[in-house]
S.K.: 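Below is the structure I would like to discuss, written out as structure tokens.
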Amino acid sequence: MSLVALATKGNYFHVYDFRVKPGTGDEFIEKFDEFDYSDGNPMHKSPAQVKDGVLCRDTEDPDHFYLIGEWSDIEVHAKIRQQLAAMNLEFVTLIEDLDKGAFVPTYAEIVSSTPQSVLDSAAE
């Protein structure tokens, strides 16, 4: 099996780092998945989404999460975020400090990514 780079140079990661209300981590995951995997999620309909996001839970704090995804255009992502904000999503109500911008991503440009040829030779 050949290796695949996590991301592609020139694209962008969105990285959300947030906490949910104490004791609601499991409920958050359930509500997030319910929406994320539904036909109502506009993120999944955008050609600017390169790789689907992943929700990660801190191994030492069950109420601390990261949401990471790869996009070719962060302006498109930001516009869809505005659409989502207007939808009053149930999982969002569980996030702490929303009024302080707790569910706003940091965008990072992918500036280095292992070339496929290097990954292929590593798998041999």
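Residue indices begin at 1 and follow the sequence shown.
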S.K.: Is it the case that the side chain of T114 and the backbone of A5 share a donor-acceptor pair, with hydrogens and angles ignored and the cut-off at 3.5 Å?
M.R.: no
S.K.: Looking at residues at least two apart in the chain, or sitting in another chain, which of them share a ring-ring contact (aromatic ring centres under 6.0 Å, His included) with H44?
M.R.: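 With neighbours one apart ignored, the set is empty.
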S.K.: Donor-acceptor pair, distance only, cut-off 3.5 Å: does the side chain of K51 make one with the backbone of T8?
M.R.: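 Not a single qualifying donor-acceptor pair exists.
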S.K.: Going by side-chain contact (heavy atoms from CB on, under 4.5 Å), L94 matches just one of L89, I29, T24. Which one?
M.R.: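 With L94 as partner, L89, I29, T24 yield a single side-chain contact (heavy atoms from CB on, under 4.5 Å), made by T24.
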S.K.: For D39, is there any backbone N or O sitting under 3.5 Å from a side-chain donor or acceptor partner on K45?
M.R.: yes
S.K.: Kindly give the heavy-atom pair with the smallest separation between E70 and L6, and that separation in Å.
M.R.: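 Heavy-atom minimum between the residues: OE1-O, 3.7 Å.
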S.K.: Taking atom CD as the centre, does Q116 end up with more than 12 heavy-atom neighbours from other residues, nucleotides or ligands that are less than 6.0 angstrom away?
M.R.: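 Atom CD in Q116 is crowded, with more than 12 foreign heavy atoms closer than 6.0 Å.
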S.K.: Mind checking what makes salt bridge (charged side-chain N to carboxylate O under 4.0 Å, His left out) contact with E96, not counting sequence neighbours?
M.R.: R19
S.K.: Checking Y66 now: which residues fulfil side-chain hydrogen bond (donor to acceptor under 3.5 Å, both in side chains) with it, not counting sequence neighbours?
M.R.: none
S.K.: Please report the interatomic distance CZ(F18) to CD1(I95), rounded to the nearest 0.5 Å.
M.R.: 5.0 Å
S.K.: Under the 3.5 angstrom rule, does the side chain of E90 hit a backbone N or O of K31 as a donor-acceptor pair?
M.R.: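 Looks like no, no N/O pair under 3.5 Å.
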S.K.: Taking all atoms of both residues into account, what is the closest heavy-atom pair of I80 and S46, and its distance?
M.R.: CD1-CB, 3.6 Å
S.K.: Just checking Y12 against Y107, ring centres under 6.0 Å apart?
M.R.: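 So the answer is no for these two rings.
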S.K.: Does K79, at its NZ atom, have more than 12 non-hydrogen atoms belonging to other residues, nucleotides or ligands within less than 6.0 Å?
M.R.: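 Check fails, neighbour count at 12 or below.
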S.K.: Is it the case that the side chain of D63 and the backbone of V20 share a donor-acceptor pair, with hydrogens and angles ignored and the cut-off at 3.5 Å?
M.R.: no
